[in-house]
There are 2 protein chains.
Amino acid sequence: MRSPEALLALETARRRPIALPAGTAVYRQGEPVQDALNLISGWVMLAQTLPDGRRQILRFLLPGALFGLMPTGQATHSHSAEALTPALVCPLPLEALHRLRHAWPGFDDRILWTIERDAALIAERLTTVGQRDALARVAHLLLELVARAQRRFPPEPGRAVPVPLTNRLIGDATGLTPEHVSRMLRTLREQGIVTLLHRRVVVQDAARLVALADPPKGLLGLWSDPAP
Amino acid sequence: MRSPEALLALETARRRPIALPAGTAVYRQGEPVQDALNLISGWVMLAQTLPDGRRQILRFLLPGALFGLMPTGQATHSHSAEALTPALVCPLPLEALHRLRHAWPGFDDRILWTIERDAALIAERLTTVGQRDALARVAHLLLELVARAQRRFPPEPGRAVPVPLTNRLIGDATGLTPEHVSRMLRTLREQGIVTLLHRRVVVQDAARLVALADPPKGLLGLWSDPAP
DNA sequence: CGATTCTTTGAGTTAGGTCAACGGGGGTGG
DNA sequence: CCACCCCCGTTGACCTAACTCAAAGAATCG
């Protein structure tokens, strides 16, 4: 937990929050790294784009996420960040971040925790995309996002959880085409497992969804737990 | 750069190095997190295994790598680590790591740099596996490993670079079957681009290999540059 | 209310997987 | 030093999951 003094120092160092309409870029791949960013509200996605236009969504960010950091010495962003909903983002100059890290150990620990957690989330997506079939990939993504959005695992059945997903976004995150995503969503719907309609996910059968997505035991905490 | 005092403190805190024969596990998925580990010599792979036996190789580690860290509060390993060659590994108790981080800012910065770099490498693999075809995936992996092993980009043509890869390992890293990896390697060989024979890679046509793998500009430093 | 983007579905195609068989290399134990 | 064995690599034939292309309907947003 950060001390009141640390929080005050953070308040002093950060810039004014920026309101971003849905669909706007926070930063683009190849742009110079400027500030670290704190997501206050809304959803943001991080994606890597190939020269031919295909893109891989690396992560979906929920409020509270810290992003925009690159390894020291890395001058440009390796990926782009784009708001999926209207979003509020608060920049923090890298130099101030560095100062805060060294001044407040609790703050430093939290940064490290965040980066490690993000790496673990990407690793799990890699495993899913590399090894699982289309149905499991879609199921896994829906389960992850519902669990993270609700901060709860397993997800509560019947509740409509707002998620700003389109079939194209699901495809870009899972390595599938939007058409095939549509077919997989139909299967999940017809089997009474989970439904995605009008940007809302309803989990009908949490047990079967978990069985399909089959998230590795022991990592579930990363979806639902806050920072220590 | 870390100060002499910091290096001394590190020397004092670490345990005695452990020699691992090729094929042995450093730790297994699901085991409790114990020490952080420093790879002194040899190659190690990090992999996530699914219940049905399929596995995704997340990263290949080269000497100097720091691994075995998990987000604070995460009790068990989300992946396994296995030596691909005879390897020398030096454990560092987590508690000592924590102390060193807070006592020596340069040390702390280097840890953060390492984790961020590792996350960037995994993200790039995710993009490759999710979006590129089989030939490009294999080309990308060979290029990455040759560049990292030689600390040099683009790779020097004609030089035989030792890599402990089997077709199965390439398949597990790229999401392909060993049979299809064999077909892709044949294509790369027949086209005079790159050859893998007897655990040695020879890059024949660096320009075409780079064009095929098409690594995002600006990330190349992560393959060939040392820590700042 | 028009335009645009998103979703859905169908039909045909293909990249990569599966299965099977064989050959080679390297390590091990006699 | 040799023989065996096991794993690895290679190739071919066939199969199927996912892609492509096309077209029509449904949401969403000025």
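Values in this document were obtained by computation on a predicted structure and should not be read as measured data. Each chain gets a letter, A, B and so on, in the order the sequences are listed, and its residues count up from 1.
Nucleotide C:dG16 holds its P atom 7 Å from the CE atom of B:Met184, rounded to whole Å. Remark: P of C:dG16 and CD of B:Gln131 are 13 Å apart, rounded to the nearest angstrom. Between the NE2 atom of B:His180 and the P atom of C:dA15 there is a distance of 9 Å, rounded to whole Å. A:Arg54 places its CZ atom 13 Å from the C1' atom of C:dA15, with the value rounded to the nearest Å. One atom, NE2 of B:His198, and another, P of C:dG27, lie 12 Å apart when rounded to the nearest Å. Atom CZ in A:Arg183 sits roughly 10 Å away from atom P in C:dG10 (whole-Å rounding). We find that CG of A:Asp133 is positioned 17 Å from P of C:dG16, with the value rounded to whole Å. B:Leu197 places its CG atom 19 Å from the P atom of C:dG23, with the value rounded to the nearest Å.
A donor-acceptor pair is defined here as one N or O able to donate and one able to accept, closer than 3.5 Å; no such pair exists between the side chain of B:Arg16 and the backbone of B:Pro91.
At the phosphate of C:dC6, neither OP1 nor OP2 sits under 4.0 Å from any side-chain N or O atom of A:Asn167.
Contact annotation for A:Gly171: no contact, since no heavy-atom pair falls under 4.0 Å across all strands. Looking at heavy-atom distances under 4.0 Å, B:Leu185 makes no contact with the nucleic acid at all.
Rounded to 10 degrees, the angle separating the terminal axes of the helix from C:dC1-D:dG30 to C:dG30-D:dC1 is 60°, with each axis obtained from five end pairs.
No side-chain donor from either of B:Glu82 and B:Thr24 sits under 3.5 Å from a side-chain acceptor of the other. For the residue pair B:Gln56 and A:Thr127, no side-chain donor N or O sits within less than 3.5 Å of a side-chain acceptor on the partner.
In this pair, B:Trp43 and B:Phe60 present their aromatic rings perpendicular. The plane angle is above 60°, beyond the 30 to 60° band. Aromatic ring pairs are classed by plane angle as parallel below 30°, tilted from 30° to 60° and perpendicular above 60°; the pair A:Trp223 and A:His140 is perpendicular.
Think of the region where chain B sits on DNA chain D: with heavy atoms and a 4.0 Å cut, that region ends 5' and 3' at D:dC8 to D:dA13.
The side chain to side chain donor-acceptor pair (under 3.5 Å) test with B:Thr195 is passed by exactly one of B:Arg200, B:Glu190, B:Gln204: B:Gln204.
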